[in-house]
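This chain uses plain numbering: 1 for the first residue, then up along the sequence.
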Amino acid sequence: MRKRAGWTVLLVALALGAGDGCDCGGTVSEGGDGSPCDGQFFDAGGVDAALGDAAGADLARADVAAADLALADCAPDAHGDASGQGDGSGAGDGAGDGGAGRDASVQDRAGSDAAASDAAQADSGGADAGPPEPLLCGERAWKRAVPGSGTAMMAYGARGYLFAADGHSWAIVENETAVTRSIPLPGGVTAMRDVTAEIAASGRPLVFFWDGAQRYAAFFDGAAFVGLLALGQATAAHADAAERVYAITANGLTQFALGTAPIVRGALPYDGPDWGVGPDGTVYQLYETTRPSTIHPGDTANDLRLAHLSPGSLTWEGDALVASNEGWGFDNARMAIAADGSFHVVYNLSMHGYYFRSVDGETWEEEVYSDSITPAVLIDPAQSSGYYDPTEVKGGTRLVAAQDYDHVSVTRQYAGGSMSGADQYFIRRCPPFVGYNETWPAERLAFSGLAFDDGAVAVNEHGLASILTPYGVRQDMATPALAPVLPTVGGQGCSGDCAAPLPACADPGQVRGPLAHGVDVEVYGSYDIGPLMAMDDRAFVFVEGSEMWMWTADGAAITRQMPVGLAGCERFCAQRSAAGRTALVCEQGNEVALWPFDGDTLGSRSVLPCSSAVSGCDVRLAADGHAWVYTGGNFHEQELGGFANRGGGPASPWYWDVDAQGTVILLASGDAVLDEVLVTWKLQAGAGGWSKAGVLSEDEVAAADAAIEGGLAFGAQLGTMAPDGSIHLFSDAHCVDSGGFHNKTQVHLRSRDGESWEIETLPDIDTLTGGLLTWRDVAFWAADYERVRLVVMSSPAPTSDGWNWYFPDRRLDVVARCRGADDQPSFTRLASAPLPGWTTRGFAGFSPWGIATLLTSAGLTQIR
């Protein structure tokens, strides 16, 4: 890492980075004494590398909650911490906050009482719709996987619901699209963790989950969770058709119902492999016994039996024989009870999967649902490291789901081991049956194969599956769909100059999120930009390795297919110019391609004179849509038929942009002999050469330079240019360790036109980061000369054992220029978001409206 030894050395170093684009050059270096604060931590990304947006012409703007979620106020209006624990984190009451000049009907759809009217989760077929018609064997097809991450799945109607590990958000998947938003938690519940879900006999899902120190159960009606029951330390739960819940608690089998005291029914009589509840409330237990063999005297045989506990009774009855074998046992025995009261039992024996069904629990019919030659149709591949026949059905039973006596499915999962792939198999009791044993058709999907991973699998009331694979959520959906497609995300938004007047410094920011996402941020290295861009009230995240993107607004997000023209794109980059135009850039085949993008549609494709989309390729669109590119040390201007090389310019740029008049503005190191710290160069539209427009001199910065420990310096990212042509630069506030770790003073340099400069000192940076050490600025936004924001990365102080430095988790802080108590401009922290781990990747970007979007491994968060 470097210390400032003088302006000449500093400016030569800064000339390596060209500010605002996709040029992702960066490094981590150390100074003379090896201190972690002795210099600058350069990271991937250019200043506004996360700018822009892409929705595609077919992504019409609508409201994810089917209400008017127009941006209430572009000014900060509520407080919260992006971890989800603060006031604005999604725990609101749904009453909304009307903004001046905006639609006062805006509602916070993360509020606890808003879920009932949330049309993004409209009733998709539950108890009120009557008995569901089984569709398992009808016309059906697996949908394309939608990238996502989570720990549990629920399926209802045409939708799959993927619960995030944090218990606060979920992704609602339908028709190859996902909406990610806050879970409509029932009153009194703060999170849904360790979720299991099944279709109850009533026809709607029973959800069993942890919150705090106890378990709860609730039913989902397509819009809200209802019938919440506290179950203490229960370990499992099922429900009857009247939606009475039966759970295994510390007191044994206990019956719960709204408005009544729990009824303890006693302990289960056997150490059985499974248990369930019939529609009338009869409790059944599947258990195994050993007896002398009648076929091979002297040997033992095994029986699989079914006992039951009638409603209102404490006495277990019955001893119905389900299956027998000669001492082999019943591996992975599982039971399902359908809404019509029929029984369905499966178990594995050697390479065979056995299935038994019964109308009454007394008389049983036997089938072989899979055997060693049952073929599995490939849906998506799983990698294998040795010889392995992926069509061979293997693994343990994960889920048995039955709709009625004739309609049932079995999901099996096989972790594989070091010599084979990780697979899961969805097996339906539907013709055509296969082979001598007439086994059921099987379909093979990839599986994560992680140790102790149960997989996220759910089957809806119609027998159609939603399964999480390494590729995302796949749905086995009937045709036509059972419910309308999901709405899109975003309100009407702001028009024209949306940024609010300079707010009071006491005003906090409004936080939306965090939302779970399916992006692996760890795949981005030190020289990559993040997969993030922002426009209006939306932020877009590119899901690398797929042809889908995720975009978020108003506390919800959608994952769906990108416009067709972007097929085959890799390593996306979005860059916005001061002229207000956004360029979407990617590597497509052997070319680096560009599309102008207006937030809804893509313009015409152009091939750029760049070798990489994310390194050394800075793009700016002029107001008329033609592009300027800086690459390989030269400027290139787009003309009919290609790009013309306009030469290297007067100096290597620190930062450059194109304003609304088509003028190219370049900031560069000045002439040290002339005591020039910074020079502004301009190339007027149509002009034949550059003109020297302004100078920042040594004398002008002398006072600020003397007041800053180590002198005035800049980081890898400098600042930004506003639509009104004003330029905003921030000095580096990186920590120092002389006399103990602390942050340097930071200054804001601003100019209306690049010709003269004003310098203002920020408050003690400790007040902006909560006392944490500042490592670098990662994103900037300016609406005009007065209104400016930035994102700062900080952390607690590192520690050393004398040999090595150890670094704690980092954090991203959103800081805004504001009006202080004395009515003078100052700066305040709007909100923070955790960035777990020291090496974990995290990205930030601002929309033109000043809404900050933070993408980290902890979630996707928006702050305004």
Side-chain angles (χ1 to χ4, degrees), residues 65 83-86 89-94 108-116 118 120-121 124 126 148-157 159-173 178-200 204-239 243 245 247 249 256 258 399 453-458 460 466 468 473 512-518 555-557 858-861:
S83 64
Q85 304 303 312
S89 64
D93 63 3
D108 181 0
R109 291 297 163 181
S112 61
D113 64 356
D118 185 351
Q121 301 160 37
S124 52
S149 62
T151 57
M153 184 77 72
M154 178 178 72
Y156 191 44
R159 296 174 183 143
Y161 299 80
L162 180 61
F163 291 82
D166 64 7
H168 296 120
S169 65
W170 61 5
I172 310 168
V173 183
V179 169
T180 302
R181 59 167 302 134
S182 297
I183 299 170
L185 299 172
V189 172
T190 62
M192 286 186 171
R193 297 186 174 91
D194 192 21
V195 173
T196 60
E198 65 186 35
I199 299 297
R204 58 185 185 177
L206 168 69
V207 182
F208 180 60
F209 61 94
W210 276 105
D211 180 34
Q214 71 168 325
R215 286 274 192 180
Y216 290 86
F219 295 89
F220 184 63
D221 66 7
F225 289 96
V226 298
L228 181 69
L229 293 166
L231 307 182
Q233 302 297 307
T235 58
H238 301 289
E243 296 193 343
V245 173
T249 71
F256 296 84
L258 285 178
L399 178 66
D453 187 352
D454 288 333
V457 178
N460 72 2
S466 295
L468 179 64
V473 178
R512 294 296 181 94
L515 297 174
H517 56 75
L860 184 65
T861 302

Colleague: Within this structure, what is the CZ-OG1 distance for the pair Phe208 and Thr235, rounded to the nearest 0.5 Å?
Modeller: 6.5 Å

Colleague: For the residue pair Trp170 and Tyr161, does the interplanar ring angle fall in the parallel (under 30°), tilted (30 to 60°) or perpendicular (over 60°) class?
Modeller: tilted

Colleague: Classify the ring geometry of Phe220 against Phe225: parallel below 30°, tilted from 30° to 60°, perpendicular beyond 60°.
Modeller: tilted

Colleague: Any side-chain heavy atom of Arg159 sitting closer than 4.5 Å to one from Met154?
Modeller: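 When only atoms from C-beta onward are counted, Met154 and Arg159 do not touch, as no gap falls below 4.5 Å.
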
Colleague: Determine whether His168 and Arg193 make a side-chain contact, defined as any pair of heavy atoms from C-beta on separated by less than 4.5 Å.
Modeller: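 Heavy-atom side-chain distance check passes, below 4.5 Å.
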
Colleague: Restricting to non-hydrogen atoms, name the atom on Gly188 and the atom on Asp211 that form the minimum distance, rounded to 0.1 Å.
Modeller: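 That would be O-OD2, 4.1 Å.
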
Colleague: Is any side-chain heavy atom of Arg204 closer than 4.5 Å to a side-chain heavy atom of Ile199?
Modeller: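 The answer is no; the side chains never approach within 4.5 Å.
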
Colleague: Using the test side-chain hydrogen bond (donor to acceptor under 3.5 Å, both in side chains), find all partners of Ser149 that sit at least two apart in sequence or belong to another chain.
Modeller: none

Colleague: Report the residue from Val457, Thr151, Leu162 that forms a side chain to side chain contact (heavy atoms under 4.5 Å, CB included) with Leu468.
Modeller: Leu162

Colleague: Are any of the side-chain nitrogens in Arg215 or Asp194 under 4.0 Å away from the carboxylate oxygens of its partner?
Modeller: yes

Colleague: Kindly say whether Ala213 contributes a backbone atom to a donor-acceptor pair with the side chain of Gln233 at under 3.5 angstrom?
Modeller: yes

Colleague: Are the side chain of Asn460 and the backbone N or O of Gly157 linked by a donor-acceptor pair below 3.5 Å?
Modeller: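 Between the backbone of Gly157 and the side chain of Asn460 there is a qualifying donor-acceptor contact (under 3.5 Å).
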
Colleague: Just verifying a value: how many Å separate Met153 CE and Phe163 CZ, rounded to the nearest 0.5 Å?
Modeller: 10.0 Å

